[in-house]
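It should be emphasised that the depicted structure is a prediction, and the values quoted were computed from it without experimental measurement. Quick note on labels: first sequence line is chain A, next is B, and so on, each numbered from 1.
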There are 2 protein chains.
Amino acid sequence: MTDSETQIPHSKRSRESTRARLLDAAAEVFAEVGLGEASVERICERAGFTRGAFYSNFASKDEMFLELATVVARERVHAVRARIDEISAAGDFNPQDTDVRVIIRALDVVGDDRLSTLLMSEISIRAMRDAEFAAAYLAQVGEVVEEIVQLIDDIVEAENLELRVPSHDAARIIVGVWSDVSARSAMSGLDPDEMAALRTRELGQIVDLVLVRRPQSSA
Amino acid sequence: MTDSETQIPHSKRSRESTRARLLDAAAEVFAEVGLGEASVERICERAGFTRGAFYSNFASKDEMFLELATVVARERVHAVRARIDEISAAGDFNPQDTDVRVIIRALDVVGDDRLSTLLMSEISIRAMRDAEFAAAYLAQVGEVVEEIVQLIDDIVEAENLELRVPSHDAARIIVGVWSDVSARSAMSGLDPDEMAALRTRELGQIVDLVLVRRPQSSA
DNA sequence: TGTACATCAGTGAACGCGCGTTCACTGATGTAC
DNA sequence: TGTACATCAGTGAACGCGCGTTCACTGATGTAC
């Protein structure tokens, strides 16, 4: 979206780190208090800049939120992809791991803490209010779902399982349940261990519903 | 929460209708623009009052949001309960209806349009930020889940089915998928018919995963 | 039924505060010679 | 290596606007006699 930068500007490095620090601070503040209640002043304070720095880097608060949402969604897709590559590279699926645990390991890179869940909720609610942004958001969610489809197909093949629904639907359901249980666990003052346990339990149920073990031909 | 009202005040009727009109207007405005961006002025304008009327009826914008959330959640529970009573009263489950359709009929009273979904998202995100409110919110969601548990048990018994998970978990999953698909369908500029079709399709899958038809003993 | 009075729901002007945004500036960094 | 100049990222004061909230008031409704 920026102009073509054929030669490196003056102090490009520091400018980019300013942007990054502002975006990081904004992620926290948007999550903590929401888009409407988050003030530019508060974001800048958190990042250690004045408001001028903000407007030197972003056109407006709203434009910055959109950029943050895009960055977060992209990172999410990359993180899931990288984790899944890592899992696949490990050969067969770490025998002592159950199927559920493999899927949870693939998803828990997306940020399962309270603040990440809040930020995702802000992003999702914003998508409901803005059709153009919704399209971009849904596309990124779709990419995550596609990654899970691959993973499911790999598990099904490696372990001789069957699916009760097409793998795309299975992946969609799993991602949906993931965000539902994340939201609920963010509400109930659970500590991180309890949150993880709840997620494991509920995702486990869904995975068991979706996968079915074939009549064993080998141990 | 209000003081005991042993005798009817001056013009109680009109005061209550003012509150109700303000709450209705607030539901729309909170859904449209979010809690932070919704101004008291805009709510009052929508309801046809001045801001003085607002502060004559509510202590603050935030307190009003909390009251609205409570009212909305209570109405939701009542609506589901009433609908389920109605379904049960109709004797056996309207033979041409599938199980999915029965469950959808039970849930679609909670408001499946874009604005209701947005308001529920605002309420849910607010619950993530406020432990006390979260407890109340989760309790009301739990009541809806309990109603669905009853309905599922009834269906299972009437149609000689089996469940792959305990009915409470089945109900929780169904309610979770319901809100996930509502959110997604609110994003993609679908018209109401398409939204209903999407919901039917995805809920149908979940219901099919959760219920299993017993080896038919009778047609 | 008619008059005088009490109540109080809703009005609307006023408050000051904090917001998003702008902009003339400064001073650190990089370049030219 | 040293000096003069150019760049431009980030500063911070200033803007005016719209916000949430307050409060003295008005006038419709209900009560007493």
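For the OP1/OP2 pair of C:dG10 and a distance below 4.0 Å, the side-chain nitrogens and oxygens of B:N57 include at least one atom meeting the criterion. Contact check, B:R15 against C:dC8: no side-chain N or O comes under 4.0 Å of OP1 or OP2.
Of the listed residues (A:I152, A:D153, A:V149), just one forms a side chain to side chain contact (heavy atoms under 4.5 Å, CB included) with A:H168, and that residue is A:V149. No option in B:R199, B:R101, B:R83 other than B:R83 meets the salt bridge (charged side-chain N to carboxylate O under 4.0 Å, His left out) test with B:D108.
For the pair A:E41 CD and C:dG20 P, the interatomic distance rounds to 9 Å; values are reported in whole Å. The distance between atom CZ of A:R19 and atom C1' of D:dC8, rounded to the nearest whole Å, is 15 Å. Between the P atom of C:dG20 and the CD atom of A:E37 lies a distance of 11 Å, rounded to the nearest Å. Whole-Å rounding puts the B:D62 CG to D:dC19 P distance at 17 Å. Nucleotide D:dC19 holds its P atom 11 Å from the CD1 atom of B:I43, rounded to whole Å. Counting to the nearest Å, the P atom of D:dG10 and the CD atom of A:E16 are 11 Å from each other. When rounded to the nearest whole Å, the span between CZ of A:F58 and C1' of C:dT22 equals 18 Å. Across the protein-nucleic acid pair, B:R21 atom CZ and C:dG10 atom P stand 9 Å apart, rounded to whole Å.
Side-chain N or O atoms of A:R114 include one that pairs as donor or acceptor with a backbone N or O of B:M128 at under 3.5 Å. B:D130 contributes no side-chain N or O that, together with a main-chain N or O of B:R126, makes up a donor-acceptor pair within less than 3.5 Å.
Among C:dG10, C:dG20, D:dT21, the nucleotide with an atom closest to any side-chain atom of B:K61 is D:dT21. Across C:dT21, D:dG20, D:dG10, the shortest atom-to-atom separation from the side chain of A:Y55 is found for C:dT21. If you check C:dT21, D:dG10, C:dG20 against the side chain of A:S39, the one that comes closest is C:dG20.
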What verdict does the salt bridge (Lys or Arg N to Asp or Glu O under 4.0 Å) test give for A:R129 and B:E122, after you've listed the backbone C-alpha separation in whole Å, the side-chain angles of each residue and the deciding distance to 0.1 Å? CA-CA 12 Å; A:R129 294 198 175 103; B:E122 288 290 333; 2.7 Å; yes
Might you work through the salt bridge (Lys or Arg N to Asp or Glu O under 4.0 Å) test for B:R172 and B:D169, ending with a clear yes or no? CA-CA 5 Å; B:R172 181 180 38 68; B:D169 294 312; 2.8 Å; yes
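Around CD of B:E132, the count of heavy atoms belonging to other residues, nucleotides or ligands within 6.0 Å does not exceed 12.
The nearest pair of heavy atoms linking A:K61 to A:G36 is NZ-O, 3.7 Å.
Here A:A38 lies in heavy-atom contact (under 4.0 Å) with sugar-phosphate atoms only.
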Taking only nitrogen or oxygen atoms into account, show me every contact under 3.5 Å that the protein makes with nucleotides 11-13 of chain C, one pair per line with its distance.
| unit_1 | atom_1 | unit_2 | atom_2 | d |
| --- | --- | --- | --- | --- |
| C:dT11 | OP2 | B:T50 | N | 3.0 |
| C:dT11 | OP2 | B:T50 | OG1 | 2.7 |
| C:dT11 | O5' | B:T50 | OG1 | 3.4 |

Once Watson-Crick and G-U wobble pairs under 3.5 Å are found, how is DNA chain D written in dot-bracket notation, 5' to 3', with | for any base paired to another strand? .||||||||||||||||||||||||||||||||
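The distance from atom OG of B:S116 to atom CD of B:E28, rounded to the nearest 0.5 Å, is 10.5 Å.
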